[in-house]
Amino acid sequence: MITDPWPARSGPLLLRHPGPGELDDLHALRNDPAANRFMLRTSVDAPEFRREWLEVPGSDTDFSCVAELDGALVAMGFLDVVDGMGQPGMPPRTEGVLGYIVDPKHWGRGIGSALARGLLDAAFGPLGLRRVTASCNADNPASVRILEGLGMRREQHGVQDSWHADLGWIDGYQYAVLRSEWDRPHAADH
Ligand SMILES: CC(C)(COP(=O)(O)OP(=O)(O)OC[C@H]1O[C@@H](n2cnc3c(N)ncnc32)[C@H](O)[C@@H]1OP(=O)(O)O)[C@@H](O)C(=O)NCCC(=O)NCCS
């Protein structure tokens, strides 16, 4: 039995499923060029995007959510349960991958940090995951600040491992944190 982690509060944010009437605005945010500058997947088709979000509440691997602040939708968070690497017998469903997009109108107000914290709380709380990873472009200082601010460890610097439509081959970072690390008092000073 998988527990739906939403709705949940994270700092000033309400993390929840989007309503069907919000998906057009969410799609516009997903395809906003200011945000896509930092995303590997730039444009997402509206029907595919809509179908994916409508399937989230019934999914046992996709725990994405939107973030509401003072009644306004300001961001979306991605949280996927995956299997890591391992030999036969490996316990399944112990890893998560997180990501986020904040509406550019609201950048610099701590929303990305609060959203990422809420995703980690969900991953290690109701979802009971063991390890969570997140990737970002090396030239995305705000995302680096978020991930390092939450105590995630940079485990990989991929030199020119990512193709960027405007910039060509660019570097990427991968971060990770274990539940045992997140549970330590200093990491949990919400
Ligand atoms: C990355 C992103 C989520 C940050 O969201 P945000 O709500 O502005 O983040 P916060 O306000 O929580 O700021 C996080 C930190 O980054 C810092 N920061 C913000 N913009 C910055 C910039 N341009 N350069 C350097 N640091 C920056 C903030 O000062 C803060 O640092 P602090 O915690 O030490 O105070 C947002 O810019 C975004 O959606 N970008 C496009 C999509 C994206 O990059 N997603 C992540 C892909 S991995």
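Both ligands and their constituent atoms are indexed starting at 1 by order of listing. Side-chain atoms are counted along with the backbone in the values below, which use heavy atoms only and exclude waters and symmetry mates.
- When the heavy atoms of Ala116, Pro104, Gly11, Pro141 are ranked by distance to atom 24 (N) of ligand 1, first place goes to Pro141.
- The contact set between ligand 1 and Cys136, taken as ligand atoms under 4.0 Å from a residue heavy atom, comprises 48 (S).
- Note that atom 39 (O) of ligand 1 has protein non-hydrogen atoms nearby, at separations under 4.0 angstrom.
- With contacts defined as side-chain heavy-atom distances shorter than 4.5 Å, the pair Glu95/Leu129 does not qualify.
- Which of Gly149, Ser135, Gly112, Ala34 comes nearest to atom 48 (S) of ligand 1 through a heavy atom is settled by distance: it is Ser135.
- Atom CG of Asp70 is surrounded by 12 or fewer heavy atoms from other residues, nucleotides or ligands within 6.0 Å.
- Of the N and O atoms on the side chains of His106 and Arg109, at least one donor lies less than 3.5 Å from an acceptor on the other residue.
- In this structure, Val102 and Met76 have side chains that are not in contact, with every pair of non-hydrogen atoms separated by 4.5 Å or more.
- Distances below 4.0 Å separate heavy atoms of Ser113 from the following atoms of ligand 1: 10 (P), 12 (O), 14 (C).
- With respect to Glu155 and Arg131, a salt bridge is recorded, a charged nitrogen being found less than 4.0 Å from a carboxylate O.
- Nearest protein heavy-atom neighbour of atom 2 (C) of ligand 1: Ile146 CD1, 4.3 Å.
- Ligand 1 is never approached by Gly99 to a heavy-atom distance shorter than 4.0 Å.
- Geometrically, ligand 1 and Ala35 share no nitrogen or oxygen pair separated by less than 3.5 Å.
- Ligand-side atoms of ligand 1 in range of Ser143: 1 (C), 46 (C), 48 (S), range being under 4.0 angstrom from any heavy atom.
- At least one side-chain heavy atom of Leu14 sits under 4.5 Å from a side-chain heavy atom of Pro7.
- For a threshold of 3.5 Å applied to N or O pairs, the pair formed by Arg145 and ligand 1 contains at least one separation below that value.
- At the top of the distance list for atom 20 (N) of ligand 1, counting protein heavy atoms only, stands Ala142 CB, 3.5 Å.
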Practice problem: Apply side-chain contact (heavy atoms from CB on, under 4.5 Å) to the pair Val56 and Phe63, showing each step before the final yes or no. | Solution: CA-CA 6 Å; Val56 168; Phe63 296 93; 5.8 Å; no
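- The protein non-hydrogen atom at the shortest distance from atom 44 (O) of ligand 1 is Asn140 ND2, 2.8 Å.
- The distance from ligand 1 to the heavy atoms of Ile101 drops below 4.0 Å at these ligand atoms: 39 (O).
- Contacts of Asn137 with ligand 1, taken as heavy-atom pairs under 4.0 Å, are absent altogether.
- Looking at Ala134 against ligand 1, nothing comes within 4.0 Å, counting heavy atoms.
- Protein heavy atoms come within 4.0 Å of atom 34 (O) of ligand 1.
- Nearest protein neighbour of atom 45 (N) of ligand 1, counting heavy atoms only, is Tyr100 O, 2.8 Å.
- Looking at ligand 1, you won't find any N or O of Met39 less than 3.5 Å from one of its N or O atoms.
- Nearest heavy-atom pair across Ser113 and Ile146 is OG-CG1, 3.7 Å.
- Residue-level proximity to ligand 1 for Arg37 is absent, since no heavy atom of it falls below 4.0 angstrom.
- The 12-atom threshold is not exceeded at CZ of Arg145, counting heavy atoms of other residues, nucleotides or ligands nearer than 6.0 Å.
- For the pair Arg109 and ligand 1, the shortest N or O to N or O distance falls below 3.5 Å.
- Between Trp169 and Trp163, the ring planes lie perpendicular to each other; the angle is over 60°, past the 30° to 60° tilted range.
- Taking the six-membered ring for Trp and thresholds of 30 and 60 degrees, His157 and Tyr173 have ring planes more than 60 degrees apart, a perpendicular arrangement.
- The pair Asp166-Arg37 does not count as a salt bridge, with every side-chain nitrogen at least 4.0 angstrom from each carboxylate oxygen.
- For the pair Arg130 and Glu181, the salt-bridge criterion is not met [side-chain N within less than 4.0 Å of a carboxylate O].
- Annotation: atom 11 (O) of ligand 1 to nearest protein heavy atom, Gly110 N, 2.7 Å.
- Nearest protein heavy-atom contact of atom 8 (O) of ligand 1 is Gly108 N, 2.7 Å.
- Of all protein heavy atoms, the one lying nearest to atom 37 (O) of ligand 1 is Trp107 CE2, 3.3 Å.
- For atom 4 (C) of ligand 1, the protein comes within 4.0 Å by at least one heavy atom.
- Between Ser135 and Gln174, the shortest heavy-atom contact is OG-CG, 3.7 Å.
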